[in-house]
Amino acid sequence: MFAFLGRSAARRPWWTIAGWVIAAALVIVLAPKFEATTDQSDFLPRDYESIRALDLQAKAFPDQTSPGAVVVFDRVDGAKLKRQDLAIIDEVVTSVGSQLGPAFGGMQVQPPSENGLIQIAPVSLADGTNAFDDSQFDSVPQLRDDLDAALAGTDINAGVTGRLAQGYDNQQSSEAGLQIVAIATILLILVLLALIFRSVLICLLPILVVVPVSFVVNGLIATANEMFNLKAGSEVEAVLIVVLFGIGTDYILFFLFRYRERLREGEDKRAAVEHALERAGEAIASAGGAVIVAFLALTLSSLGIFKSMGPALAIAVFVTLLAALTLVPSVVTVLGRALFWPSKKYMVEPEAARFAALGRSLGKHPVRYIGASGGVLAFLTIFAFGFQPSFDLASSSTSSDADSIVSLKTLEKGYPAGATDPTIVLLNSTDGDPLTEEQTGAFLAELQGVPGLAQAVPVAVSQDGLTASYAAYLADNPSSDAAADTVRGPLRTTVHEAAGEGAEGVVGGTTSIFVDFGAAMSRDYKVVFPVAAIAIMIILALLLRSLVAPLYLMASVGLGFGATIGAAVLVFQHIGGADGLVFLLPIYIYLFVVAIGTDYNILMIARLREEAREGLNARDAAAQALKHAGPTVAAAGVILAGTFASLILAGNSLLISMGFSISFGIFMAAFVMAMFFTPAITALIGHAAWWPGHGDEPESTDESDDQVRVDALT
């Protein structure tokens, strides 16, 4: 198949390019627009308590809504609010409240806090408005602008926090981070390719290929989301940029290095394209297949965020892989030797190359390389056992200087942090009898005694008398780990036990959703990880025709995963002093480090097998594989690690930790696992590594030809 693709690209390149142009145009015109959601409840199955509470609240209290925003007033000098300040606040609330945006229904000022430092004005949502609906976010900046104008010239500050405000700030932070990531990724790729190839056109090749591919990818993802009712989170957009440019550039490099190698052996451009794709195509396709399978394993997740992210990233990698096997060789054929302009030394292989020396050393001393590389991985893996998950998604995905975060800290000077987003507790009759006053009163008394709650008050009883609603104000920020601990532990335990016979108590609200989110994630770790690992091992077994090599290849990738988690724990928890890392981090690391780390292992082991088929023994084959494939793996690893590192510039702790961890993991995958650990083990095991298929056996039966090959290379 790869020989056929190579001939097509070499002989009919313009047909392939035209096909891609037409396909991209059709997708752009016909596909729906890709849209992300920030509503965490969209990502949970209906049987989780927080979602059951949401459904019950909508049924029993269709007109009841929680505040969409909270306006926080305080003095500029931090002193207590004076009588004239309170009068100004009343006037401002009246005037601004009369011209709220369409997302809001009304604003009402509350009495000052007991210490007199803070006064708040909750802003209710308009009927039918969802606090997570990003189409309603424009009402937040309008409210902030109106407050600033109304308070100009006074000694009073006003900040806006709450669910809608936090959603808006999260979106703004994500968009700003997205732009930074996109610019940094492209600049990094341009600079690194310029240093590697000294060619203008090669620098531009990823942009020329990936940009049109990205339009196709976004269109196909949007179509899949619409067809299968998938919910894509906003973080998918940032990850997509990195995946498309990072993996796309990797696959381009896999082909270009082999293409340049064929040119140096004296082939013309068409023959070089054909033979390069014939030799490298299987490794590229297998590497892409491993990544796709790993991403598709996410469809087994119970969380909508990963159910949608898995297919989205799988589509991105599939289209990128297809472009690498068809569009890239066709473009290279059209450009010919002009591709390397203005470099004049691309035809000259460097003498005494570092990778050749490393290869000879590894071939002679594989045990040393196994010990050194394996020791580094094992040492860092030890720190992984200290991983502490954090469930504070709100602050981790929003810049710390966002108004909603700053205003929340201001509010905490006078009120419990939970005042911005009260936790909803519902008592529901299950035997069909209306709730009695004795039941609701006793339930409230139990609720008020829950540690971690600042206050609990009754809100309403449904018209049919079957459901009672309570507002529980958490002592901590509703998005914090402390608040999650309160909901997960004493609050839910008390609510369940205090309901009594014939009734059911459930806890809803944003914090409850985050708690269920974490529980679902823990379940997914036990399902997605093993399935992805088994699927990748099957691909490796089919590629290598071996049952032995996939075992130590996956063991090396597993060590890489542990080392990456350990490095993140070391940097952020031990050195940075963080209480924990976002609980989503391990699955991102697993997917990218395991899948992409397998990419580099596949490239190296496939080249090693190719050298063995030429008649070399295991150690010499490992030496030659490192000499030829080492530069490709190194270049691809640096570029992909650099593109993921650009996430650090996004400005929020989730993407910062993701950027560091994934870039570090990819660096380890390239420069420790694929370059040293894997070839060293293969060199040590020798022929047994390829059992039972023994795909390392020479393709030629002419022993004299094999000996000539060995003599020439050694």
Side-chain angles (χ1 to χ4, degrees), residues 1-2 247 250-251 254 279-298 313-314 317-318 321 324-325 370 373-374 377 528-562 564 589-613 618 621-622 625-626 629 632-633 636-637 640 665-666 668-670 672-697:
M1 180 180 73
F2 299 106
I247 292 182
D250 266 11
Y251 293 165
F254 290 177
R279 290 298 182 95
E282 185 179 21
I284 294 173
S286 299
V291 178
I292 290 169
V293 166
F295 288 157
L296 285 178
L298 287 175
L313 296 180
V317 174
F318 175 77
L321 175 62
L325 295 175
I370 294 171
S373 56
L377 295 173
V528 175
F529 285 10
V531 170
I534 292 171
I536 292 174
M537 285 186 66
I538 291 173
I539 289 177
L540 289 172
L542 293 174
L543 169 68
L544 303 175
R545 284 81 167 173
S546 167
L547 296 178
V548 176
L551 295 177
Y552 64 79
L553 287 174
M554 289 306 298
S556 72
V557 173
L559 275 175
F561 169 72
T564 304
I589 292 175
Y590 179 83
L591 288 170
F592 288 108
V593 173
V594 170
I596 296 172
T598 303
D599 268 13
Y600 299 147
N601 270 340
I602 287 175
L603 185 68
M604 182 63 73
I605 202 75
R607 186 60 189 249
L608 194 155
R609 182 185 61 178
E610 183 180 327
E611 297 295 341
R613 284 176 172 175
L626 184 54
T632 310
V633 170
L640 192 59
I666 290 170
M668 296 294 286
V672 177
M673 298 183 321
M675 200 169 294
F676 299 125
F677 193 69
T678 295
I681 291 180
T682 307
L684 184 65
I685 296 176
H687 186 60
W690 307 97
W691 182 87
H694 297 307
D696 63 327
E697 294 177 344

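All of these numbers come straight from a predicted model, not from anything done at the bench.
Under the 3.5 Å distance criterion, the side-chain polar atoms of Tyr600 are left unmatched by any main-chain donor or acceptor of Met673.
By the 4.5 Å heavy-atom criterion applied to side chains, Arg609 and Leu543 are counted as neighbours. Using a 4.5 Å cut-off on side-chain heavy atoms (C-beta onward), Ile605 and Trp690 make contact. At a threshold of 4.5 Å between non-hydrogen side-chain atoms, the residues Arg607 and Leu626 do not count as touching. Using a 4.5 Å cut-off on side-chain heavy atoms (C-beta onward), Ile538 and Leu542 make contact.
Every residue meeting the side-chain hydrogen bond (donor to acceptor under 3.5 Å, both in side chains) condition with Asn601, not counting sequence neighbours, appears here in chain and number order: Ser556, Thr678. The side chain to side chain contact (heavy atoms under 4.5 Å, CB included) check on Ile685 picks up Tyr552, Ile681, Ala688, Ala689, with sequence neighbours excluded. Legend: residues meeting side chain to side chain contact (heavy atoms under 4.5 Å, CB included) with Leu296, ordered by chain and number and at least two apart, are Ile292, Ala314. Listed by chain and residue number, Phe529, Phe561 satisfy the ring-ring contact (aromatic ring centres under 6.0 Å, His included) test with Tyr590 (two or more places apart in sequence, or in another chain). With sequence neighbours excluded, the residues that form a side chain to side chain contact (heavy atoms under 4.5 Å, CB included) with Ala535 are Val293. Evaluation of the side chain to side chain contact (heavy atoms under 4.5 Å, CB included) rule for Ser546 yields Leu544, Val548, Ala549, Pro550 as partners, not counting sequence neighbours.
Among residue pairs with one or both ends in residues 593-606, none qualify as salt bridge (Lys or Arg N to Asp or Glu O under 4.0 Å); sequence neighbours excluded. Sorted pairs that involve residues 673-686 and meet salt bridge (Lys or Arg N to Asp or Glu O under 4.0 Å), not counting sequence neighbours, are lacking altogether. Residue pairs meeting the salt bridge (Lys or Arg N to Asp or Glu O under 4.0 Å) criterion with at least one partner in residues 675-686, sequence neighbours excluded, do not occur; the list is empty. Residue pairs meeting the salt bridge (Lys or Arg N to Asp or Glu O under 4.0 Å) criterion with at least one member in residues 528-547, sequence neighbours excluded, are Glu282-Arg545.
Between atom OH of residue Tyr251 and atom CG of residue Leu640 there is a gap of 9.5 Å, rounded to the nearest 0.5 Å. Interatomic distance, Ile589 CD1 to Ile666 CD1, rounded to the nearest 0.5 Å: 10.5 Å. Here the CG atom belonging to Leu603 is positioned 11.0 Å from the OG atom belonging to Ser286, to the nearest 0.5 angstrom.
Looking at every heavy atom in both residues, Pro679 comes nearest to Ala674 through CD-O, 3.1 Å. Between Ala290 and Ile602, the shortest heavy-atom contact is CB-CD1, 4.3 Å. Residue Leu377 comes nearest to Gly560 through the heavy atom pair CD2-CA, 4.2 Å, listed as atom of the first residue, atom of the second, then distance. Across all their heavy atoms, Ala683 and Ala618 have their closest contact at O-CB, 3.9 Å. Of all heavy-atom pairs spanning Gly637 and Ala670, the tightest one is CA-CB, 3.8 Å.
More than 12 non-hydrogen atoms from other residues, nucleotides or ligands lie less than 6.0 angstrom from CZ of Phe2.
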